[in-house]
Amino acid sequence: MAKPKPNPRRSYRRDVLWKRVRALGQPCWICGLPIPLDAPAGTPLAFELDELLPVSKGGDPADMANTAPAHRCCNQWRSDRSVSAVGRIRDEVRRRFGPWPSALAFCEGARAVSRGAKGKSAQVPVRHPKRRSGAL
Ligand SMILES: [Zn+2]
């Protein structure tokens, strides 16, 4: 049997970075709302350290420049969408539904917009694998 691949998210550098970013108390980079630090891990509002360029696309999970705080629900909705695709969908959610009162409301709007992108109002390209932006 082959040895299991090491998980790139499990490293001392990553753990230190996770704690450091969490302690900064910055808002979610996806929805822009504060992250309640008392939300238990694994629950929708929990703090997660997201990779701007996903690990699956070669991003370094232990590089501070490639990471940003996110709610678990926002991170799950985002999946491996690019930073620029997230920005376009966020703009479209705001345009269609107005400001969101919570991360959960944002995710609901974002799911609706990403589903709608397949239909006639395909103004929101969901994937742009060649565009890589470090902008938050
Ligand atoms: Zn969020």
Enquirer: With sequence neighbours left out, which residue pairs that include part of residues 19-28 fulfil the side chain to side chain donor-acceptor pair (under 3.5 Å) condition?
Expert: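 Qualifying pairs: none.
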Enquirer: Count I, L, V, M, F, W, Y as connected when their side-chain heavy atoms are under 4.5 Å apart, and connections chain through other members. Are Val83 and Val113 then in the same cluster?
Expert: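 Yes, Val83 connects to Val113 through the hydrophobic network.
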Enquirer: Might you point out which heavy atoms bring Leu53 and Gly58 nearest each other, and give the distance in Å?
Expert: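 Smallest interatomic distance, heavy atoms only, reads CD2-C, 4.2 Å.
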Enquirer: Nearest heavy-atom pair of Pro61 and Leu17: which atoms, and what distance?
Expert: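 Answer, listing the atom of Pro61 first, then Leu17: O-CD2, 3.9 Å.
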Enquirer: Taking the basic N atoms (NZ, or NE/NH1/NH2) and the acidic carboxylate oxygens, is any pair closer than 4.0 Å for Glu108 and Arg111?
Expert: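 Salt bridge between Glu108 and Arg111, a charged N being under 4.0 Å from a carboxylate O: no.
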Enquirer: Apply side chain to side chain contact (heavy atoms under 4.5 Å, CB included) to Asp15 and list each qualifying residue two or more places apart in sequence or on a separate chain.
Expert: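 Expected list: none.
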Enquirer: What are the two closest non-hydrogen atoms of Pro69 and Val21, and how far apart are they?
Expert: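 For Pro69 and Val21, the tightest heavy-atom pair comes out as CD-CG1, 3.9 Å.
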Enquirer: Under 4.5 Å side-chain heavy-atom separation, chaining through any Ile, Leu, Val, Met, Phe, Trp or Tyr, what else clusters with Val55? Say none if it is isolated.
Expert: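 Reading the cluster by chain and number, Val55 sits alone, since nothing else belongs.
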Enquirer: So Phe106 and Leu33, side chain to side chain contact (heavy atoms under 4.5 Å, CB included) or not? Walk me through it.
Expert: CA-CA 10 Å; Phe106 169 79; Leu33 293 175; 5.7 Å; no
Enquirer: Cut-off 3.5 Å, no hydrogens considered: what does the side-chain donor-acceptor table look like for residues 41-51, sequence neighbours left out?
Expert:
from: Thr43; atom 1: OG1; to: Pro40; atom 2: O; distance (Å): 2.5
from: Glu48; atom 1: OE1; to: Asn75; atom 2: ND2; distance (Å): 2.8
from: Glu48; atom 1: OE2; to: Arg72; atom 2: NH1; distance (Å): 2.8
from: Asp50; atom 1: OD1; to: Arg78; atom 2: NH1; distance (Å): 3.3
from: Asp50; atom 1: OD2; to: Trp29; atom 2: NE1; distance (Å): 2.9
from: Asp50; atom 1: OD2; to: Arg78; atom 2: NH1; distance (Å): 2.9
from: Glu51; atom 1: OE1; to: Arg9; atom 2: NE; distance (Å): 3.4
from: Glu51; atom 1: OE1; to: Arg9; atom 2: NH2; distance (Å): 3.2
from: Glu51; atom 1: OE2; to: Arg9; atom 2: NE; distance (Å): 3.3
from: Glu51; atom 1: OE2; to: Arg14; atom 2: NH1; distance (Å): 2.8
from: Glu51; atom 1: OE2; to: Arg14; atom 2: NH2; distance (Å): 3.1

Enquirer: For Trp77, enumerate each residue passing the side-chain hydrogen bond (donor to acceptor under 3.5 Å, both in side chains) test, keeping only those at least two apart in sequence or located in another chain.
Expert: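 Applying side-chain hydrogen bond (donor to acceptor under 3.5 Å, both in side chains) to Trp77 gives Ser114.
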Enquirer: What closest approach, in Å, do Leu52 and Pro54 show between heavy atoms, and which atom pair accounts for it?
Expert: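 In terms of heavy atoms, the two residues are closest at O-CD, 3.4 Å.
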Enquirer: To the nearest 0.5 Å, how far apart are CZ in Arg81 and CD1 in Ile30?
Expert: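 These two atoms lie 10.0 Å from each other.
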Enquirer: Can you name the closest pair of heavy atoms from Met64 and Leu24 and give their distance?
Expert: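 Closest heavy-atom pair between Met64 and Leu24: CE-CD1, 3.8 Å.
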Enquirer: What are the two closest heavy atoms between Ser56 and Asp80, and how far apart are they?
Expert: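 Reported closest heavy-atom pair: OG-CB, 4.4 Å.
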Enquirer: State plainly whether one hydrophobic cluster holds both Leu104 and Trp100, where clusters connect Ile, Leu, Val, Met, Phe, Trp and Tyr through side-chain heavy atoms under 4.5 angstrom apart.
Expert: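 In one cluster with Leu104: Trp100, no.
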Enquirer: Tell me if a side-chain donor or acceptor on His71 pairs with a main-chain N or O of Pro34 at a distance below 3.5 Å.
Expert: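 The answer is yes, because a donor-acceptor pair under 3.5 Å joins these two groups.
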Enquirer: Could you grab the distance from atom CZ of Arg90 to atom SG of Cys74, nearest 0.5 Å is fine?
Expert: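 Arg90 CZ to Cys74 SG: 9.5 Å, rounded to 0.5 Å.
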Enquirer: State which residues pass side chain to side chain contact (heavy atoms under 4.5 Å, CB included) with Asp91; sequence neighbours excluded, sorted by chain then number.
Expert: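 Asp91: side chain to side chain contact (heavy atoms under 4.5 Å, CB included) contacts with Arg94.
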Enquirer: Please round to the nearest 0.5 Å and tell me the distance separating atom SG of Cys107 and atom CD of Gln76.
Expert: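 It is 8.5 Å, given to the nearest 0.5 Å.
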